[in-house]
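Notes follow the structure.
The figures here come from the full heavy-atom set of this structure, side chains too, leaving out hydrogens, waters and symmetry mates. In what follows, chains carry the letters A, B, and so on, assigned in the order in which the sequence lines appear, proteins first and then strands, with residues in each chain numbered from 1. Model, not experiment: these values are computed from the prediction.
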Amino acid sequence: MSRAGGILRWRRASALRSSLPSGALAGERPPSGAVLFSGNKRLLSTAKTEPRICIVGSGPAGFYTAQHLLKHHKLAQVDIYEKLPVPFGLVRFGVAPDHPEVKNVINTFTQTAHSDRCSFYGNVTVGKDVTVEELQKAYHAVVLSYGADDNRTLGIPGEDLDGVYTARAFVGWYNGLPENRDLKPDLSSETAVVLGHGNVALDVARILLSPLEILQKTDITEDALTALARSKVKRVCLIGRRGPLQVAFTIKELREMINLPSARPFLDPADFKDLGEAVKDLPRPRKRLTELMAKTALEEPGEVVSGRWLSASKEWSLKFLCSPLEVLPTADGKQARAIRLAATRLEGSGDAAKAVPTGDTEDVMSGLILSSIGYRSLPIDPAVPFDPKRGVIPNQSGRVLGAPGLYCSGWVKRGPTGVIMTTMNDSFDTAQSVLEDLQSGALDFPDAKEGFGSVRSILQSRRIRPVSFSDWEKIDAAEVARGKLAGKPREKIVDPKEMLELIGP
Amino acid sequence: MMSRSISGLLRLGLSQAHRARAQVIFVTTVCSPALAGLHLGRCFSTSHRLQYVPAGGTGSTEKVKLNFINRDGDKFSVTAKEGESLLEVVMNQNIDIDGFGACEGALACSTCHLIFEGSTFQQLDPISDEEIDMLDLAYGLTETSRLGCQVRVKNWMDGLTVQVPTDVSDIRRELEVEKQTKQ
């Protein structure tokens, strides 16, 4: 062994002793690297501190940000915090049960979580169990990726009547989101109205219209299956303020609706017959989408499809240029009976077109009204700037404005639209910002930070038991085992207390 | 980078010795036993294990050379089997493309979007409506774009070059940070 090697090893050991915080567990990584000494004076330091980064939220935004950081910085230690005991956010609670292939991203997220430099801390509510300020003391950078827990409201009378639900709560209910488990939606109305023309609106309609035999084989909750088995809903009317050229849903999901077994589509030819000219110059995605709707409205389908539609027991329709004015109550004033709509016309065209009331109104009779007009983020902590009007954290390329060391990715950064891939790209963008700032000296780096080492005692003093990734894997295994008995990929546990009991103290 | 130059040398050595009968598989170390059940072996370990598998054990003896140009301009040259999808090639050869193949080939995303040369594009099998549906959501869509999970390797593709499209974030930022971090 060379003398130089001996010196390097000795220095590394003493650097280790002096830098470990008291109470650090065995296995916590010390700063690595070599320090060259002459006598007792430090001449040259090439010590490499590990950047410690905290990510708040374990959905696609959190995991893709973590993935990018871990891949492009060989020393970075990334800790992902999550308020629920279980990870994956909307991949678990938002993606429809009959779209399991979209959930394949869980595999890549699981790989990320298994990295030595990544830790998961579930059951920790940032802003309550630990503040953002406390996290900033413990980490070089804090990335807020907590998504959108709220929704836009209609702001109309009757919105709070029984029978009126937000799509966000309805989706949460059938997907086992703990806060929505007691929704108990009333599905006894033959006509259901969905307000909104996005993919979430189509999801909700499709779940209401899908044959039970199909849903029974998915990871939809037991409770939702029982309720849907009793459902009287035969007709779903999807209502939008603007026209066919402004629909926000995408073609794959529309095709799926058109091909639903046992449900017939009703699209009014009057909505499509004059569109010919306008469609010609549209970009391909919008053009194909519009053409598919027009074809469904205007053309006779082939024999097989005709037969299927004739024998269909259920139906769905698209209604355009109607804006909700009021939910009308039943005689006792408690339940929804109908929705009053204002007829609108468009000013402007394309994505920027605005719906303006014409003065005419129309009532649609329905006791089940689902509002699917958009999710919305909430502020998490006074230390984090928030734009209540736009419902996002003000930022540039993921760097929170006016708050060095704070970053954001996903819906809380850019607004609650787009698919998993859109979030993936924006998370990579935020991760780039963090990496640049680590290099440029914009963060307290390379000063050492303690990371979870200092957060642990804070959580202990507040009696919070963080859930590790291997704890989640126990919950996962239990759900899969229960699902097997029912012929489903999993039976989701919807009570956080039950999850915590399962994993023990 | 290191692993590619090693693999390049090995490929050369092996091809001289066993050209028609050898197949080289590059495998990264699996991070955890849980991954054993997954058919994707992507992971963040930096150690690579080289595995020599005689062709008899894997079926096809046809080898097709493919070139992938990554977002930062890096070129990866690999040999693939006829019949594999381009997504499978990227996964099996561990070609390092950020976020590629998120839905693992289920036509539920557009992250395996690849851009072909005009002449190659014309010869590909016809595109389905379902593929166009997803392709239309891809960033940087071109006239010669396809989804890698829907294009299968054929013998005539020997020497083919595909380009990984740049995504929304500014590629220059990535290059700069990459250079500094590599040290």
What closest approach, in Å, do A/Y64 and B/A102 show between heavy atoms, and which atom pair accounts for it?
OH-CB, 3.7 Å

Check for a donor-acceptor pair, side chain of A/K103 on one end and backbone N or O of B/C103 on the other, with a separation under 3.5 Å.
no

Can you say whether A/R284 sits under 4.5 Å from chain B via the side chain, the backbone, both, or neither, judging by heavy atoms?
both

Top of B/L107, B/L135, B/D96, B/D129 for chain A proximity - count of heavy-atom pairs under 4.5 angstrom:
B/D129

Atom pair CD (B/E104) and CD (A/E101), whose distance is rounded to the nearest 0.5 Å
11.5 Å

Looking at A/T422, A/L289, A/D426, which one has more heavy-atom pairs under 4.5 Å with chain B than the rest?
A/T422

Does the side chain of A/K252 come within less than 4.5 Å of B/M134's, by heavy atoms?
yes

Within this structure, what is the CG-NE2 distance for the pair B/D98 and A/H68, rounded to the nearest 0.5 Å?
5.5 Å

Bottom line for A/V419: the part with an atom under 4.5 Å from chain B's heavy atoms is neither

Between the side chains of B/D136 and A/R286, is the shortest nitrogen-to-carboxylate-oxygen separation below 4.0 Å, so that they form an ion pair?
no

Nearest heavy-atom approach of A/R255 to B/D133 is NE-OD2, 2.6 Å

Sort B/L137 into side chain, backbone, both or neither according to what part of it lies under 4.5 angstrom from a heavy atom of chain A.
both

Under 6.0 Å from the CD atom of B/E143, do we count more than 12 heavy atoms belonging to anything else shown?
no

Residue selection (most heavy-atom pairs with chain A, distance under 4.5 Å) from B/S110, B/G105, B/A138:
B/S110

May I ask you to name which of A/V102, A/I420, A/N104 has the most heavy-atom pairs under 4.5 Å with chain B?
A/N104

Identify the two heavy atoms, one from B/T111 and one from A/M421, that lie closest to each other, and give their separation to 0.1 Å.
CG2-CG, 3.3 Å

